[in-house]
Amino acid sequence: MTTTTSAPAAAPFGRALCAMITPFTEAGALDLDGAQRLADRLVSEGCDGLVLSGTTGESPTTTDAEKAALVRAVREAVGDRASIVAGVGTADTRHTVELALEAEKAGADGLLVVAPYYSRPPQDAVEAHFREIADASGLPLALYDIPGRTGTRIEPDTMIRLAEHPRIVAVKDCAYDLLGTQKVLAGTELAYYAGCDEYVLALYAIGASGYISTVANVAPRQFRAILDTFDAGDTAEAARRQQRAVPLIELMMSAGLPGAVTAKAVLGALGLPAGPVRPPLRPADPARIDGLLAAYERLVAA
């Protein structure tokens with residue numbers, strides 16, 4: 001059944017974004033050549049933007065210098081074909097500001113800033129943290145709400161206040177709070193990006209701008225097709241495409257291993273740039289890799 005849908009929501013960084021892994025050499029060093037090749041592939045296969053040095057990019061174990069070098073290398077590889085959003089969030093406001101300024105200097109188009117983690121600051125302190133970072137840099141900023149990892153929610157009312165800042169323009173939503181998401185969508189012009197792959201179509205259908213996907217590292221065309229089919233008005237086919245991705249999403253994101261591990265396992269098995277993960281992460285075992293590859297092959301063959 002084909003229906004008419006409204007125009008897509010404003011998307012400051014594009015609609016289809018990949019939370020890109022950070023390739024390493026077998027010795028564990030930053031692989032800038034591999035990052036450029038992977039970035040070029042992702043953009044060629046439908047990604048409007050790349051998020052670098054997020055959790056999927058193993059930001060906790062890359063240095064500040066490596067983060068800046070990665071932005072410069074990927075910028076050189078993709079030119080103006082895609083936006084580059086740099087993950088700069090830390091638990092330290094001062095350090096986050098430093099990373100934001102370095103990302104801007106290196107050529108990023110935007111910043112992804114996670115809520116301060118572990119210390120669990122109250123909401124007025126969370127708000128002040130984001131305002132200080134947005135004031136320090138000239139780049140647009142996306143709030144990253146993932147309380148399951150940080151221990152700190154960016155409450156909807158806090159987001160509504162932060163939306164008044166001219167450089168706070170977007171949200172990566174991993175809060176699993178559909179009511180709160182709709183409250184912010186209704187009360188602001190913030191661009192919402194689904195940060196959980198199983199929510200791509202659900203959030204897009206209620207006014208989100210697109211997604212920031214880990215699974216898109218290995219299946220960029222298939223995830224882009226969910227949005228394109230919905231925009232074309234075939235909502236039933238968009239739902240089928242989302243559902244066909246569920247087995248791979250489950251194995252990559254909900255089966256006990258971090259997305260950085262599972263994405264690198266699939267990419268490595270396909271002969272694409274990836275390399276090992278850095279400790280404390282450990283590689284997927286052969287049986288898990290076989291299961292991931294089987295799910296991947298079923299999705300791309302569908």
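Note that the coordinates shown come from a computational prediction; the quantities given were computed from them, not determined experimentally.
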Novice: Is there a side-chain contact between His165 and Ile133 (heavy atoms, below 4.5 Å)?
Specialist: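 Contact flag for His165/Ile133 side chains = no.
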
Novice: Is there a side-chain contact between Lys264 and Glu58 in this structure, where contact means two heavy atoms from C-beta onward sitting under 4.5 Å apart?
Specialist: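 Yes, close enough: below the 4.5 Å cut-off.
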
Novice: For the CZ atom on Arg41, are there more than 12 heavy atoms of other groups (residues, nucleotides or ligands in this structure) within a distance under 6.0 Å?
Specialist: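 Above 12, so yes.
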
Novice: A side-chain contact here means heavy atoms from C-beta on lying under 4.5 Å apart; do Thr62 and Leu30 qualify?
Specialist: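 A side-chain contact is absent here, since even the closest heavy-atom pair is not under 4.5 Å.
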
Novice: Assigning hydrophobic clusters by single linkage (Ile, Leu, Val, Met, Phe, Trp, Tyr; side-chain heavy-atom cutoff under 4.5 Å), is Leu267 placed with Val300?
Specialist: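 Yes, because Leu267 and Val300 connect within a single hydrophobic cluster, where side-chain heavy atoms sit under 4.5 Å apart.
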
Novice: Could you please spell out the steps behind the side chain to side chain contact (heavy atoms under 4.5 Å, CB included) verdict for Gln242 and Ile249?
Specialist: CA-CA 10 Å; Gln242 174 77 61; Ile249 293 170; 3.8 Å; yes

Novice: Can you measure from OH (Tyr144) to CG (Asp173) and round to the nearest 0.5 angstrom?
Specialist: 10.0 Å

Novice: Distance only, no hydrogens: is a donor on one side chain within 3.5 Å (strictly under) of an acceptor on the other, for Gln123 and Thr158?
Specialist: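 The answer is yes; a qualifying pair exists.
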
Novice: Can you tell if the side chain of Met252 reaches within under 4.5 Å of the side chain of Val218, non-hydrogen atoms only?
Specialist: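 Answer yes - side chains close enough.
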
Novice: Taking the side chain as C-beta and beyond, is there a heavy-atom pair between Glu45 and Leu42 under 4.5 Å?
Specialist: no

Novice: Is any side-chain N of the basic residue among Arg72 and Glu102 closer than 4.0 Å to the acidic one's carboxylate O?
Specialist: no

Novice: Got a second to check how far Gln222's CD is from Leu248's CG, nearest 0.5 Å?
Specialist: 9.0 Å

Novice: Do the side chains of Asp135 and Arg131 get close enough for a salt bridge, i.e. N-O under 4.0 angstrom?
Specialist: no

Novice: So, does Asp48 use its side chain to make a donor-acceptor pair with the main chain of Leu17 at under 3.5 Å?
Specialist: no

Novice: Would Leu203 end up clustered with Val215 when hydrophobic side chains under 4.5 Å apart are linked, directly or stepwise?
Specialist: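 In one cluster: no.
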
Novice: Donor-acceptor check, side chain of Gln182 to backbone of Leu178, threshold 3.5 angstrom: yes or no?
Specialist: yes

Novice: State, without any angle test, whether Glu104 and Ser137 hold a side-chain donor-acceptor pair at a distance under 3.5 Å.
Specialist: yes

Novice: Does Thr22 use its side chain to pair, donor to acceptor, with the backbone of Gly57 at less than 3.5 Å?
Specialist: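 Confirmed, Thr22 side chain pairs with Gly57 backbone.
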
Novice: How long is the span from the CD atom in Glu237 to the CD1 atom in Ile226, to the nearest 0.5 Å?
Specialist: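 Rounded to the nearest 0.5 Å, the CD-CD1 separation comes out at 10.5 Å.
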
Novice: Would a distance-only check, ignoring hydrogens and angles, find a side-chain to backbone donor-acceptor pair under 3.5 Å from Asp31 to Gly275?
Specialist: no

Novice: Taking it one step at a time, do Glu155 and Lys183 satisfy salt bridge (Lys or Arg N to Asp or Glu O under 4.0 Å)?
Specialist: CA-CA 11 Å; Glu155 296 290 348; Lys183 181 178 179 180; over 6 Å; no

Novice: Where do Leu293 and Ala269 come nearest, in terms of heavy atoms and distance?
Specialist: CD1-CB, 3.6 Å

Novice: Is there a path of hydrophobic side-chain contacts, each under 4.5 Å between heavy atoms of I, L, V, M, F, W or Y residues, that connects Phe13 with Leu111?
Specialist: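 No.
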
Novice: Do Thr56 side-chain atoms and Met20 backbone N/O form a donor-acceptor pair below 3.5 Å?
Specialist: no

Novice: Val43, Leu70: one ILVMFWY side-chain cluster at the under-4.5 Å cut-off?
Specialist: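 As far as the 4.5 Å side-chain criterion goes, Leu70 and Val43 are connected within one cluster.
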
Novice: Could you please spell out the steps behind the side chain to side chain contact (heavy atoms under 4.5 Å, CB included) verdict for Ser44 and Arg81?
Specialist: CA-CA 9 Å; Ser44 298; Arg81 293 181 294 145; 3.8 Å; yes

Novice: Heavy atoms only: give me the nearest Ile212-Ala19 pair and the separation to one decimal.
Specialist: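 Nearest heavy atoms, Ile212 then Ala19: CG2-CB, 4.0 Å.
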
Novice: Given 3.5 Å as the limit, does a donor-acceptor pair link the side chain of Tyr211 with the main chain of Arg224, or not?
Specialist: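 Present.
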
Novice: If I take atom CG from residue Leu185 and atom OH from residue Tyr192, how far apart are they, to the nearest 0.5 angstrom?
Specialist: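 Here the interatomic distance stands at 6.0 Å.
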
Novice: With a 3.5 Å distance limit and no angle check, can you tell me whether Arg167 reaches the backbone of Gly138 through a side-chain donor-acceptor pair?
Specialist: no

Novice: May I ask you to decide whether Arg15 forms a salt bridge with Asp228, counting only side-chain N to carboxylate O separations under 4.0 Å?
Specialist: yes

Novice: Residues two or more places apart in sequence or in another chain: which of them pass side chain to side chain donor-acceptor pair (under 3.5 Å) with Ser59?
Specialist: none

Novice: Please round to the nearest 0.5 Å and tell me the distance separating atom SG of Cys196 and atom CD1 of Ile146.
Specialist: 6.5 Å

Novice: Could you walk me through whether Leu201 and Thr235 pass the side chain to side chain contact (heavy atoms under 4.5 Å, CB included) test, one step at a time?
Specialist: CA-CA 9 Å; Leu201 182 58; Thr235 56; over 6 Å; no

Novice: Does Glu127 form a side chain to side chain contact (heavy atoms under 4.5 Å, CB included) with Leu162? I'd like the steps, not just the answer.
Specialist: CA-CA 7 Å; Glu127 182 176 345; Leu162 285 168; 3.7 Å; yes

Novice: Locate the shortest heavy-atom distance separating Pro121 from Thr152; write the atom from each residue and the value.
Specialist: CD-OG1, 3.8 Å

Novice: Between Asp33 and Arg37, is there a side-chain N and carboxylate O pair less than 4.0 Å apart?
Specialist: yes

Novice: Within the distance-only criterion (no hydrogens, no angle test), does the side chain of Asp145 pair as donor or acceptor with the backbone N or O of Ile154 below 3.5 angstrom?
Specialist: yes

Novice: Tell me the closest heavy-atom pair linking Arg278 and Gly28, and the distance in Å.
Specialist: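 Heavy atoms of Arg278 and Gly28 come nearest at NH2-O, 2.9 Å.
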
Novice: Of the non-hydrogen atoms in Leu112 and Lys172, which two are nearest, and what is the gap between them?
Specialist: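 Minimum heavy-atom contact is CD1-CB, 3.9 Å.
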
Novice: Ring centroid separation for Tyr176 and Tyr199, is it under 6.0 angstrom?
Specialist: yes

Novice: How about Ile160 and Asp157: do any of their side-chain heavy atoms sit closer than 4.5 Å?
Specialist: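 With C-beta onward as the side chain, the pair touches.
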
Novice: Does Leu251 belong to the same Ile/Leu/Val/Met/Phe/Trp/Tyr cluster as Leu257, with side-chain heavy atoms less than 4.5 Å apart forming each link?
Specialist: no

Novice: What's the shortest heavy-atom distance between Tyr117 and Thr90, and which atoms?
Specialist: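 The answer is OH-CA, 3.4 Å.
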
Novice: Quick check on side chain to side chain contact (heavy atoms under 4.5 Å, CB included): which of Leu292, Ile21, Val277 does Val261 satisfy it with?
Specialist: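 Passing option: Val277.
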
Novice: Under a 3.5 Å cutoff, is there a donor and acceptor pairing between the side chains of Ser213 and Asp197?
Specialist: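 Yes, Asp197 and Ser213 have a side-chain donor paired with an acceptor closer than 3.5 Å.
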
Novice: So, do Pro12 and Pro140 sit near enough that their side-chain heavy atoms are less than 4.5 Å apart?
Specialist: no

Novice: To the closest 0.5 Å, what do you measure between NE2 (His129) and CG (Asp92)?
Specialist: 8.5 Å

Novice: Taking the side chain as every heavy atom from C-beta outward, state whether Met159 and Thr188 have any atom pair closer than 4.5 Å.
Specialist: no

